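Predicted, not measured: the structure shown is a model, and the values here were computed from it. No hydrogens, no waters, no symmetry mates; every other heavy atom, side chains included, goes into these values. A note on names: the letters A, B, ... follow the listed sequences, proteins ahead of strands, and every chain is numbered from 1.
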Number of protein chains: 2
Amino acid sequence: MTYTVKQIARLAGVSARTLRYYDEIGLLKPASLGENGYRYYDEDCLLRLQQILIFRELDMPLEQIKRITGRRDFDIVIALQGHKQELRKRIVQMERLIATVERTIRHLQGEEEMSEQEMFEGFSEEQQAEYEKEAMEMYDPETVKASNARWRAYSAAEKQRIFDEGNAVYKAFIDSMPQGPASPQAQSAVEGWRRHMDYFWTPAVEQLLFLAQGYVDEPRFRATFDKMHPALAEFIRDAVKVYVQGK
Amino acid sequence: MTYTVKQIARLAGVSARTLRYYDEIGLLKPASLGENGYRYYDEDCLLRLQQILIFRELDMPLEQIKRITGRRDFDIVIALQGHKQELRKRIVQMERLIATVERTIRHLQGEEEMSEQEMFEGFSEEQQAEYEKEAMEMYDPETVKASNARWRAYSAAEKQRIFDEGNAVYKAFIDSMPQGPASPQAQSAVEGWRRHMDYFWTPAVEQLLFLAQGYVDEPRFRATFDKMHPALAEFIRDAVKVYVQGK
DNA sequence: TATAAACTATGACGTAACGTTAATGTCAAG
DNA sequence: CTTGACATTAACGTTACGTCATAGTTTATA
């Protein structure tokens, strides 16, 4: 079955303008072009449009959607599984936002204390990213611009993934603490940490220790890590030290 | 306590540029301006910014956020209660989207049939609005432009509310069916239905019957109403007929 | 006290993702 | 054949900032 612009627009709840724009940028090409110049879409286009709309719902920029869905190895089922995960994360985030709203209500009614940080819980994905970015600023102001451009290029979905990965990286450090900073586990965690940094900045080996030292010395970062484990900041510093000496 | 631009930006996870823009458009004015020209914010600004960010999360345009939060009768606690409701609706919508994703997976794996409409379930808020808009196009093409502008001015939150109100309007019709189209209940439902139309178009009395007749004659709308109740389309037409004759 | 880095301001240009309008060709039904 | 619906391309406008340039102010350190 084929669909004209209006038909597919109605089915999907988008405008004809959107479809023409998507054609123009190469995101969703029609299945065929009639002799009259009309666009005609088919079932494959329907399915592809669905993918696009889900990615869009997850705030991914169109150019990036185009790159991902256009890859030869793009697998729809795997993508759909990923969408599911991301949508669930969104729900979790919204539930945290609801919790913040509820807490604000109780605060305004005098029933509960609330710190200025807690007022913005649920938006913390961006807040956490701000902290990571500031770590970069501390050591190389020239990377700020680069990191901004990099960070902005990531979709909200990817930001969430990066954020979660960051938590996993720090957890790996905590798990390796009994074995000591020179242990293979800790050194593996350093490798993971270094790869994690690549989302923001690609530090030279020499810079890694500066950064890790900043985790210890800078009260704000210290506070962040102390919340995870009281000795984490020093441990990271020590593990990175071993790592750097081995390079 | 007072905050400079960077301090409040960090707390809230927004950019300084955003704060300056919000000042510029009058959405969030600083508490004071120093002799140095610097903006200084206070706790009230923190709270207001939180409100703004929640509205923003609910896709409300900034101008509208400004109008709502700037009203003399704006009550934060009531607004927060409303935010909670809207966020919950969002969660419901996302869960529907997840169900669509899951269903698509099963469909692609050959385990289940899926219609072209079902592929876009979870986005149906916009789809339903498309149907309502098309009702208007049928009777007065000149209103299309007006209704487009109107519709667009509504936030996603308001669209959802309008959508839900539409469902309530049709339910009122169904509930009044045992009393007949001329009954006070049915006529009250017509009043509600007419008010509901105001979101898209302000029809003259004469046009109401044309519209109601279209519910009966046009297969697509007929199908929509038949899904709610087999005799609903005719009932609405009859009730509107009584209504119009009484005007 | 001087200096450098961080922070602040304003001005201005650019951008993503369309919405809207104009002009004009095509299709379908009466 | 006529008319309304649908299609096209072109082009301008909109929202909500991001980015960069320029220059003043603040803060911490030597």
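- For A:Asp23, the side chain to side chain donor-acceptor pair (under 3.5 Å) criterion is met by A:Lys29, A:Arg39, not counting sequence neighbours.
- Put simply, CD1 on B:Ile8 is 11 Å from P on C:dT8, counting in whole angstrom units.
- Between the P atom of C:dA17 and the CD atom of A:Glu63 lies a distance of 8 Å, rounded to the nearest Å.
- Nearest-nucleotide positions on DNA chain C place B:Ala16 closer to the 5' end than the other of B:Ala16 and A:Leu62.
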Q | Pair B:Phe120-A:Leu53, side chain to side chain contact (heavy atoms under 4.5 Å, CB included): steps then yes or no | A | CA-CA 9 Å; B:Phe120 299 98; A:Leu53 293 184; 4.0 Å; yes
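- Rounded to an integer number of Å, the gap from A:Arg17 CZ to D:dC12 C1' is 11 Å.
- With sequence neighbours excluded, no residue forms a side chain to side chain donor-acceptor pair (under 3.5 Å) with A:Thr2.
- As a whole-Å value, the separation of A:Leu53 CG from C:dC18 C1' is 14 Å.
- Judged as a ring pair (Phe, Tyr, Trp, His ring centres under 6.0 Å), the pairs with a partner in residues 52-89 of chain A (not counting sequence neighbours) are, in order, A:Phe55-A:His83.
- Partners of B:Glu63 according to the side chain to side chain donor-acceptor pair (under 3.5 Å) rule, which considers only residues two or more places apart in sequence or in another chain, do not exist here.
- In the region residues 18-40 of chain A, proximity to DNA chain C at under 4.0 angstrom, judged on heavy atoms, holds for A:Thr18, A:Tyr21, A:Tyr22, A:Asn36, A:Tyr38.
- Applying the side chain to side chain donor-acceptor pair (under 3.5 Å) rule to B:Glu118 yields the partners B:Arg103, B:Ser115; only residues at least two apart in sequence or on another chain are considered.
- Distances shown here put a side-chain N or O of B:Arg56 below 4.0 Å from the OP1 or OP2 atom of D:dC17.
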